Enquirer: 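If you scroll down you'll find the structure; I have some questions about it.
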Amino acid sequence: MSGPARRRDRAARLLAEAGTGAAAFVPGPTFTYLTGVRLHLMERPTLHVLCADGRSLALMPRLERGKWSAAMPGTETLYWDDAEGPGAAFDALAGLLPP
């Protein structure tokens with residue numbers, strides 16, 4: 001198991017112990033610490049969600065697909081592009097979150 005995978009497992013346990021269903025992260029140091037992926041914070045919505053049950057979810061601009069899918073293959077990821085906008089991807093992500 002990789003360093004980021006171990007960190008996600010530990011963070012998921014801490015979320016469960018705290019009674020928190022999920023936590024969301026935008027690109028930055030914590031995002032990189034949990035995923036191993038370096039992305040710049042930009043105007044395009046980019047989000048990694050870690051659930052207390054250990055699932056990883058993400059909302060990503062399609063232009064990051066290659067980089068993200070190579071590093072986080074087990075993550076259920078909703079991709080969007082500039083033509084369609086992120087609205088439908090956000091709606092789909094909301095449906096995947098724990099109650």
Side-chain angles (χ1 to χ4, degrees):
M1 183 181 293
S2 70
R6 282 192 304 275
R7 294 178 199 131
R8 286 191 304 277
D9 284 349
R10 181 171 183 266
R13 283 193 309 276
L14 292 171
L15 287 169
E17 289 171 12
T20 303
F25 304 92
V26 296
T30 305
F31 182 100
T32 301
Y33 180 79
L34 291 172
T35 67
V37 178
R38 290 186 189 276
L39 297 175
H40 296 285
L41 188 57
M42 59 182 155
E43 72 280 357
R44 291 182 175 95
T46 305
L47 194 64
H48 173 250
V49 178
L50 181 62
C51 300
D53 64 10
R55 289 180 303 139
S56 275
L57 309 170
L59 180 119
M60 288 282 151
R62 198 170 313 278
L63 61 93
E64 300 293 357
R65 184 179 202 132
K67 184 177 194 175
W68 182 254
S69 63
M72 297 289 290
T75 299
E76 187 163 352
T77 304
L78 301 151
Y79 294 100
W80 63 276
D81 62 33
D82 290 338
E84 66 191 27
F90 269 115
D91 289 343
L93 178 63
L96 298 173
L97 296 174

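What you are looking at is a predicted structure, and each value in this text was computed from that prediction instead of being measured.
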Enquirer: So P27 and L41, do their side chains get closer than 4.5 Å, heavy atoms only?
Expert: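 Side chain of L41 against side chain of P27, heavy atoms only: contact under 4.5 Å found.
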Enquirer: Working to the nearest 0.5 Å, report the span between NE2 of H48 and CG of L59.
Expert: 12.0 Å
Enquirer: Distance from R44 atom CZ to R62 atom CZ, nearest 0.5 Å?
Expert: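 Reported to 0.5 Å precision, the distance equals 12.5 Å.
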Enquirer: Check for a donor-acceptor pair, side chain of D81 on one end and backbone N or O of E84 on the other, with a separation under 3.5 Å.
Expert: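 Yes, because the side chain of D81 sits within donor-acceptor range (under 3.5 Å) of the backbone of E84.
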Enquirer: Membership question, hydrophobic clusters at under 4.5 Å side-chain separation (ILVMFWY): are L15 and Y33 in the same one?
Expert: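 Both belong to a single hydrophobic cluster.
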Enquirer: Side-chain contact, heavy-atom cut-off 4.5 Å: L14 with E17?
Expert: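 Yes. Closest side-chain heavy atoms under 4.5 Å.
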Enquirer: Enter the distance from T46:OG1 to L63:CG here, rounded to the nearest 0.5 Å.
Expert: 8.0 Å
Enquirer: If you take all heavy atoms of A11 and L34, which pair is closest and at what distance?
Expert: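 Closest heavy-atom pair between A11 and L34: CB-CD2, 4.2 Å.
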Enquirer: Please report the shortest heavy-atom distance between W80 and A89, naming the atom on each side.
Expert: CB-CB, 4.1 Å
Enquirer: Restricting to non-hydrogen atoms, name the atom on P98 and the atom on C51 that form the minimum distance, rounded to 0.1 Å.
Expert: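 Nearest heavy atoms, P98 then C51: CD-SG, 4.0 Å.
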Enquirer: Tell me the closest heavy-atom pair linking L47 and M60, and the distance in Å.
Expert: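 Answer, listing the atom of L47 first, then M60: O-CE, 4.2 Å.
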Enquirer: Identify the heavy atoms of Y79 and P61 that sit nearest to each other, and give their distance.
Expert: CD2-O, 4.0 Å
Enquirer: Say whether, by atom type as modelled, one donor and one acceptor occur between the side chain of W68 and the main chain of A58 under 3.5 angstrom.
Expert: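 Side chain of W68 to backbone of A58, a donor-acceptor pair under 3.5 Å: no, none is there.
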Enquirer: Give me the atom names and distance for the closest heavy-atom approach of R8 to L50.
Expert: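 That closest heavy-atom pairing would be O-CD2, 3.6 Å.
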Enquirer: Less than 4.5 Å apart, side chain to side chain, heavy atoms only: is that true for L96 and L78?
Expert: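 L96 reaches L78 side chain to side chain.
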Enquirer: Under a single-linkage definition using a 4.5 Å side-chain heavy-atom cutoff for Ile, Leu, Val, Met, Phe, Trp and Tyr, are M72 and V49 assigned to the same hydrophobic cluster?
Expert: no
Enquirer: For the backbone of V37 and the side chain of T32, can you confirm whether one donor and one acceptor N or O come within less than 3.5 Å of each other?
Expert: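 Yes, because the side chain of T32 sits within donor-acceptor range (under 3.5 Å) of the backbone of V37.
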